[in-house]
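First comes the structure, then the notes that go with it.
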Amino acid sequence: MVPRAFPVLLVLLFVAFPAVSAATSTAAAGVGPAAQSAQSQELDPENTTFHVQLRPNGDARWTIIERFNLTDENDTRAFETTRDAFLAGNSDRALLTEFRAANDAAATATGRDMALRNVSRDYEIDGDRGRLVLSFNWTNFAAVNGSRLSLQDAFYTPDGTWLTTLRSDQSLIISPPQGYTLTNSPPDSYFDNGNLRIDGGPTTTFERGDLDIVYEGDSTTQPGPNTGEFPLWTGMSLLLIVGLAAALLYLNGQDEFPGVGSVGTDSDDGGDAPAPEPPAVDGATDDIDAELLSDEERVERLLTRNGGRMKQARIVKETGWSNAKVSQLLSSMDEDGRIDKLRIGRENLISFPDEDVTEIED
């Protein structure tokens, strides 16, 4: 028997969490007067997508996208109200609460150490369309066995499953890591641009074992979970490269490798010219494409560039993000212990943990 679903977001979505359903049994009526008031002032989404990006170590990046039709000025104003509450962390508070309850229940059922980390919120308005995006990392979401990722027990609770239904306006999309192949999937799922997709409907419900999803990676190329090891072929390739380099140097009459800080061009005195110093902060080069970094990593890179501390207003200026987004991102990073926030007058000073902030620069 499938447990009855109940709302976990005031206006954004409904996901069933039977682990705490006894405390929230008013599914049809919402979660009380506050929820009803928020629903009357905010805009309901047209559809919701739950995107799960798996990683080889079993972690998953969840991205929940709410899409809104903005047909007139009233819709636009309602979306702005919804957006402001969302960015402030108000309207999605129940979502995080229930996902954390699901995390705790799944951790108990699976015996894996799970946690929700790096929460971020964003929005987008494009003409007559609006989007709200909530993301977080769910650690150890998938069970890892060598190069196999299994998701079945990730949806378990000690006495059932926390995801019991998808509505007609909801979809669950699961993306594998690069190099992984789907070997088992639920009956009602299908492929969409290489992703596994399940669209909700009036009768879409789930019981234990229904979401039996398995991916297989190439065991010769995939690292083990959280080991930091690299595969055998990588070491062999490095040895081959070193051997070829040594052979070329020998054939060119050189008896040693060029020293660090030198290049193969000639200087005026006939010797090797010194190489220009690479741009570095604390001894690290800055050659990573910003588009490949997460929001948290971009903030950490900015802090590194600026000696480990910055004012919050400057982070807003450097990133071009909204004040609300930066505030929520920094609060999440502070909660996760990745940064420290120090209130100074009317401003926040952001620094790495244990950074000396006794001398404050403008």
I need the [X] [atom1] to [Y] [atom2] distance, nearest 0.5 Å.
| X | Y | atom1 | atom2 | result |
| --- | --- | --- | --- | --- |
| Leu172 | Leu163 | CG | CG | 7.0 Å |
| Asp84 | Ser322 | CG | OG | 9.5 Å |
| Thr183 | Leu149 | OG1 | CG | 9.5 Å |
| Asp336 | Asn118 | CG | CG | 5.0 Å |
| Ser171 | Asp199 | OG | CG | 3.5 Å |

Residues Arg338, Glu300; criterion salt bridge (Lys or Arg N to Asp or Glu O under 4.0 Å); working and verdict: CA-CA 8 Å; Arg338 298 177 71 163; Glu300 290 171 340; 2.9 Å; yes
Just by distance, do the side chain of [X] and the backbone of [Y] share a donor-acceptor pair under 3.5 Å?
| X | Y | value |
| --- | --- | --- |
| Asp59 | Arg55 | no |
| Asp72 | Asn74 | yes |
| Ser189 | Ser185 | no |
| Ser327 | Ala324 | no |
| Ser147 | Gly217 | yes |
| Gln170 | Arg167 | yes |
| Thr76 | Leu70 | no |

Test item: [X] and [Y] side chains (from C-beta on) under 4.5 Å apart, heavy atoms:
| X | Y | answer |
| --- | --- | --- |
| Leu134 | Val119 | yes |
| Ile350 | Leu303 | yes |
| Leu87 | Tyr123 | yes |
| Ile198 | Tyr190 | no |
| Phe352 | Asp340 | no |

Stepwise salt bridge (Lys or Arg N to Asp or Glu O under 4.0 Å) test for Arg112 and Asp153: CA-CA 10 Å; Arg112 294 195 296 274; Asp153 65 351; 3.0 Å; yes
Pair [X], [Y]: side-chain N/O donor-acceptor within cut-off below 3.5 Å:
| X | Y | value |
| --- | --- | --- |
| Arg117 | Ser332 | no |
| Asp159 | Thr157 | yes |
| Asn184 | Asp212 | yes |
| Arg100 | Asn103 | no |

Evaluation steps, side-chain contact (heavy atoms from CB on, under 4.5 Å), between Glu296 and Arg298: CA-CA 5 Å; Glu296 294 81 8; Arg298 288 185 66 182; over 6 Å; no
Residues that Arg208 engages under salt bridge (charged side-chain N to carboxylate O under 4.0 Å, His left out), provided they are two or more places apart: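 Result, salt bridge (charged side-chain N to carboxylate O under 4.0 Å, His left out) vs Arg208: none returned.
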Salt bridge (charged side-chain N to carboxylate O under 4.0 Å, His left out) against Asp192, all qualifying residues, sequence neighbours excluded: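 Arg197.
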Check: Phe99 ring centroid to Phe136 ring centroid under 6.0 Å: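 Aromatic pair counts; centres sit under 6.0 Å.
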CA sep, side-chain torsions, deciding dist, call: Glu347, Lys311, salt bridge (Lys or Arg N to Asp or Glu O under 4.0 Å): CA-CA 7 Å; Glu347 296 184 287; Lys311 290 182 178 178; 3.5 Å; yes
CA sep, side-chain torsions, deciding dist, call: Thr49, Ile64, side-chain contact (heavy atoms from CB on, under 4.5 Å): CA-CA 6 Å; Thr49 299; Ile64 302 167; over 6 Å; no
Those residues that, when tested against Phe141, pass ring-ring contact (aromatic ring centres under 6.0 Å, His included) (two or more places apart):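 Scan of Phe141 (ring-ring contact (aromatic ring centres under 6.0 Å, His included), adjacent residues dropped) gives Trp62, Trp138, Phe155.
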Going by an N to O cut-off under 4.0 Å, is there a salt bridge joining [X] and [Y]?
| X | Y | result |
| --- | --- | --- |
| Asp295 | Lys325 | yes |
| Arg148 | Glu216 | yes |
| Glu297 | Arg301 | no |

Same apolar cluster (I L V M F W Y, side chains within < 4.5 Å links), Leu182/Tyr180: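 Yes, same cluster.
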Verdict with supporting geometry, Thr319 and Val326, side-chain contact (heavy atoms from CB on, under 4.5 Å): CA-CA 9 Å; Thr319 59; Val326 171; 4.1 Å; yes
side-chain contact (heavy atoms from CB on, under 4.5 Å) evaluation trace for Val299 with Leu330: CA-CA 9 Å; Val299 170; Leu330 294 177; 3.9 Å; yes
Candidate list Glu124, Arg121, Glu66, test side chain to side chain contact (heavy atoms under 4.5 Å, CB included), partner Leu132, passing option: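 When Glu124, Arg121, Glu66 are each tested with Leu132, the side chain to side chain contact (heavy atoms under 4.5 Å, CB included) holds only for Glu66.
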